[in-house]
Each structure stands twice: as structure tokens, then as C-alpha cells.
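Please read these numbers as outputs of a predicted model, since none were measured by experiment. Residue numbers start from 1 in every chain, and the chains themselves are labelled A, B, ... in the order their sequence lines are given, proteins ahead of strands.
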Amino acid sequence: MNTAIVWFRKTIRIHDNPMLTWAESSQQIDSIIPIYIIDENWSLDVENSVGVNRLNFLYESLLDLNKNLKDNFGSKLLVYTGDSSEVIKSIIGSIDENVNSLLIDYCSEPKNRKDAEDVTENLKNTDINIKVFPAVNTILDIEKIIQTKNFKAPKSTKEMNKIFEENLVISPNGYLLDGDLPVPKNIYFEPLILESIIQNEENSKFYISTEEIKEKNYQLKLETGFEKSYFLGGENEALKRLKMKISERADFVNNFRKPLTCSTNSIENPMEPTTTGLSPYISNGCLSVRLVWNECTKVRNEDQHTKPPESLHGQLMFREMFYLLSRFVENWENDVDNSNCKPVRWGDYDEERIRAWELGFTGFPYIDAMMRQLDATGWMHHLGRHAVSCFLTRGQLWQNWKHGRDIFERKLIDSDWAVNNGNWLWLAGVAPFSMPYYRVYNPCPDSKSSLNVETKEASFIRYWVPELSLFPSKYIFEPHLAPLEIQKLSNCIIGEDYPSPIIDRKKSRKENIAKFKENLGRL
DNA sequence: GGATCCGTTGTAGCT
DNA sequence: AAGCTACAACGGATC
């Protein structure tokens, strides 16, 4: 019997999964061993490792994949935590049958690439055939493209268009023709093999049972509050959401434009984003990004739909751009020796400022509402991320972007190494493709609130910053400007019940623009 | 090779 | 009160 280990990393799904499709059609494979290895540093016991919501989302995604493997193939997922080389060694050592293949989905992150290299190195003296599947979590084959002769780092929509044209087969009506694979019908596994792996003593050191994951997930939800874990992890939920947000929302897709959909969450449901909310499913691999692309194509109206870069296709193209850059540019995650990061002299690490920012006590309600939403749910609207990261760096607090990047990385359920670093580089204004440094977001975008009308933004603030729930819309973006009478009536004295602004926003904005300019002069 | 244009999404102040 | 304008002014691509 010929057995293949299928190592799921960024494909926590059975649809559009080239590893499964290959296993189905290959003559060399009789049965599969589906495995997932949780990063050994992903522990709530390790300080600053990973946030509760992020871990929960992963647990739910793994439970869902386990269910899908069971329902469709009668199989199950073996979940481990530990060093991937050791885990895989222990699997191979625990069964008598020959493991003749190891199927790996390609990941471009340094840690993931090193894991795959180590595993390959470890198995080089065996006759195990290692097969890496490219473009599983991206539309483009990242490795192939950056290895092309004369490859140049793209920085604009135009250059991305060209890369898409040169590297993808896209039909005249916009479909990706070389992706989006259906769920295989004939995948086999051997229960006795899986059982003997689980029973093996060496292997059991790393093994986590489904029951354990369920229990951990439940305990974490008790901690966070069930209503706050709004995004349920997993492929089934991802496909439901894809249908609800894209396939059945032609108007939404055709009119998608960032500036028009910037007002955070909906009034009726403060947890529901005004954007697609698909990012956690894409970043964790529960949802194929190729399928998302094709579904957008399916419902779009050729004459009316918005075009890249504003459109949803445009959004996906920027994601690809960040993946290419992050793989190509050395030290992508760093502020030194990074060709995509200008050496700005940020202020010393200011714990008080960083903590106020992280926990949502800056005295700027819009910023605080979004940071509290991130802390509680693991999600924040894209433009909200712009506003808070600009605020922390070149806008107001003049802190190194890496501090904010780390907090995002830990807390966001859609954390994505390439995209997160790329967006921070861009928002901090240090990357070559950045927006100009003198364009500073206003942390109090109150053009409507001065009219004293209820806006989505105002109701969003009231939900996440309950201290201000009685404040009139007119003052809700800058409550410290409200007369004391109104503060009393609103049952919230600024400076006591809610913080005064930790910084003079206009003054710091001006100073920081000057500082940035001075830094550029040094270059 | 110098001028000009453009870049996924700006802000403040005046009328 | 919405809409215009001044501000501030990088750096790469293109002509």
C-alpha cells in the first residue's frame, strides 16, 4: 500500500485544494494521512505569542476540516503541535507501511519556508517523494514569478496588471482558468494506519485530539464571551459567507469602492462588516482566493462594475502585490536593511502611549472604538486599520510601526505576514509605494457629526466605548470639546470617566510632518 | 536629461 | 453647508 502524508498549512479546506486533487488522480497513491501542525510557539502560555481570537479561529477551522474529511471521505485530520520535522519523523516511524509521498502546500513566509526546507532536508536520505504545491493561498505562483529573470518589485496597479497578464490564464470574461478545483470524490484512507499513528508513543507527544481542541475552543469562548467571537472559523462558514457577501450580492460587488464603504460596521449588527469579512477565511486558507476571484467575476456587470484598484478584484491584486514584495524584498518585516523601509527616527518606545493605543484609551473615541473592537473580536475594518496605524506612527504618536505591527499580528484573526507588514510599511509612510507622508488621517472624521445626526460612525463609537453612549453625536468624536453641562447630562466627565486626549492632534500632526521631512532630508 | 505626471482611498479653512 | 482651494511636496515613470 502506498501512502501519502498530506500536510495542510494554508489550505484548511477540501475545495480548490490541489493536494487532494492530485492525490485523487495519482496512480502512486492508495491512501492519505491528513495532518496539520500548529506552530509550537502558538501558546497562550507564551507571552505575546498569539491572541485568543486568533487561536480560536484556528481551532474552529481545524475542527471544520476534520468534519469535512469525515463527511466526504470518511477520514479524519491528525492535529499536532511541535517542530514540524520531528512531528513528521514520528509519523513515518510509527507505521509499518511505506509512506511514499509527502504533499506540502507552498507558503511564502520565512518561517513556513524554513519548516518545509528542514523537513525536506530530514527526508533526503529516504525514498519519500516530496511534492510542493504552488499558488494554494495566492492567485499567482509567487516563487516562480520572483525567480523570473529581470523580475522587478511591483509598486503600482499598472505593474500588477502587467504581472497578471503575463502570468495568468484569464478568460476574456474574467475567469481564472487554471484554478478553483472542485471537491474530489475519491480520496481513500486506511483507518488502521491512522490508528497506529495515534497509538504510537513517540507520536503521541505531539498529538492533540479533536476532543482536546473542542475543549480548548470552548474554554476560550467562555473567556472572550460567545457573542464576541463573531467570525466562526472553518471552510463551511467561509463558503456560506462567500455566498452571502458575493454570490448573492451583485450590487455590492459591482459598486465596491473603498471610500464609499468606509463606515466600519452596519448599524443593525455592530459585528457585521460593511466590507466582505472574508479576510480571516482567506488568510487561514479556509477559503480559496481563486474561488473568491471567480465568484466576483460571475456576478459582475461588465458595464457598471468598479474597476481595479477600487474593485474587489483590485483588492485581491494588492494582496498578490504584497505577497510578491514580501518574498522578494529582504528583511520585509524589519525597519533596517529593508529596501522598502526608509530609516525614519521614531520616538523611543513609549509604554504609556502604546498601551493607551492598544487598549483603546487614547481619548480619541474613533481610534479607541476600533482598538477595543480589535481587542474583543480580532477584527477591524480596513480603513480603521489605516486610521489607527497612521495615528500610532507618522500621524500622532510618532512610535515605530513595528510595535503596532506586532499587536496586529497577535490579535487579528486575519493576520497575514505579507499583508500586515506591507500595510504598516505603507501607512507609516516609509515604503517606496507609500502614500505621501504629509497626508495624515484625521482621527476625528466628524464632518457629519457636527450636524448632530446619527451616523454609522457615531453608533459604532457608542457600542464600543460605552462610557460615551449618552453623548450627543455633535461631540462624540471630540468629547473633551463638549461643555461641562453636556458632559454631566451625558453622564460622562472627560478626564474622569473617559480619558482626555493623550495628545494635541493638530499640533502633533504638524510637528510630525516636519519631523518626517527632516528625516527624508538625511537620506 | 529636465519637466511633468501620477500614485487605491488627506486635511483645514474659507466662503 | 457643500465645495473649493491651499497646503505640503516624495520619488519613480514617462515623455
Distance between the [atom1] atoms of [N] and [M], in whole angstroms?
| N | M | atom1 | result |
| --- | --- | --- | --- |
| B:dG7 | C:dA8 | C1' | 16 Å |
| C:dA9 | B:dA3 | C1' | 16 Å |
| B:dT8 | C:dA6 | C1' | 24 Å |

Quick check on the 6.0 Å ring-centre criterion: do A:F252 and A:F256 meet it?
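Here the rings of A:F256 and A:F252 have centres that are less than 6.0 Å from each other.
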If you check every side-chain atom of [X], which of [options] has the closest atom?
| X | options | result |
| --- | --- | --- |
| A:K342 | C:dA9, B:dT9, C:dG11 | C:dG11 |
| A:W426 | C:dA13, B:dA12, B:dT9 | B:dT9 |
| A:F318 | B:dT8, C:dA13, B:dG13 | B:dT8 |
| A:T157 | C:dC10, B:dT8, B:dG13 | B:dT8 |
| A:H386 | B:dT8, B:dG10, B:dT9 | B:dT9 |
| A:Q315 | B:dT8, B:dG10, C:dA9 | B:dT8 |
| A:R505 | B:dG10, B:dT8, B:dA12 | B:dA12 |

Can you confirm whether A:I494 sits close enough to A:L484 that some side-chain heavy atom of one is under 4.5 Å from a side-chain heavy atom of the other?
no
Can you confirm whether A:W417 sits close enough to A:N112 that some side-chain heavy atom of one is under 4.5 Å from a side-chain heavy atom of the other?
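No; the side chains remain at least 4.5 Å from each other.
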Heavy atoms only, 4.0 Å cut-off, all strands: where does A:K158 land among base, sugar-phosphate and nothing?
nothing
What integer distance in Å separates [X]:[atom1] from [N]:[atom2]?
| X | N | atom1 | atom2 | result |
| --- | --- | --- | --- | --- |
| A:L520 | C:dA8 | CG | P | 15 Å |
| A:Y437 | B:dT9 | OH | C1' | 20 Å |
| A:E310 | B:dT8 | CD | P | 10 Å |
| A:R394 | C:dA8 | CZ | P | 16 Å |
| A:K510 | B:dA12 | NZ | P | 12 Å |
| A:F516 | C:dC10 | CZ | P | 11 Å |
| A:I513 | C:dC10 | CD1 | C1' | 13 Å |
| A:K517 | C:dG11 | NZ | P | 12 Å |

Only residue of A:W357, A:Y366, A:F364, A:W401 satisfying ring pair (Phe, Tyr, Trp, His ring centres under 6.0 Å) with A:F391 is A:F364
Side chains of residues 173-181 of chain A: which donor-acceptor pairs under 3.5 Å do they make with residues two or more places apart or in other chains?
residue: A:N173; atom: OD1; partner: A:S171; partner atom: OG; Å: 2.4
residue: A:D178; atom: OD1; partner: A:R290; partner atom: NH1; Å: 3.4
residue: A:D180; atom: OD2; partner: A:N294; partner atom: ND2; Å: 3.2

Is the distance from OP1 or OP2 of C:dA8 to the nearest side-chain N or O of A:K515 less than 4.0 Å?
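Answer no for this pair, as no side-chain N or O of A:K515 is under 4.0 Å from OP1 or OP2.
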With sequence neighbours excluded, residues passing salt bridge (Lys or Arg N to Asp or Glu O under 4.0 Å) with A:K228:
none
Test salt bridge (Lys or Arg N to Asp or Glu O under 4.0 Å) applied to A:K152 - qualifying residues, sequence neighbours left out:
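If we apply the salt bridge (Lys or Arg N to Asp or Glu O under 4.0 Å) test to A:K152, skipping adjacent residues, there are no hits.
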Summary of salt bridge (Lys or Arg N to Asp or Glu O under 4.0 Å) pairs that have at least one residue in residues 479-504 of chain A, sequence neighbours excluded
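Sorted result for residues 479-504 of chain A: empty, none.
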Salt-bridged, A:K243 to A:E295, with N to O below 4.0 Å?
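Salt bridge flag = no for A:E295 with A:K243.
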Using the six-membered ring of A:F231, assess whether NZ or CZ of A:R241 lies under 6.0 Å from its centre and within 45 degrees of the ring axis.
no
For A:Y438 and C:dC7, is the gap between ring centres under 5.5 Å while the planes differ by less than 30°?
no
Sub-4.0 Å heavy-atom contacts from residues 323-337 of chain A onto DNA chain B, ordered by number
none
Under 3.5 Å for both distances, Watson-Crick or G-U wobble, that's the pair rule; now give the dot-bracket for DNA chain C, with | marking pairs to another strand and [ ] for crossing ones.
.||||||..||||||
Matching residue for A:E235 among A:I12, A:I14, A:N284 - test: side-chain contact (heavy atoms from CB on, under 4.5 Å)
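Testing each of A:I12, A:I14, A:N284 against A:E235, the sole residue satisfying side-chain contact (heavy atoms from CB on, under 4.5 Å) is A:I14.
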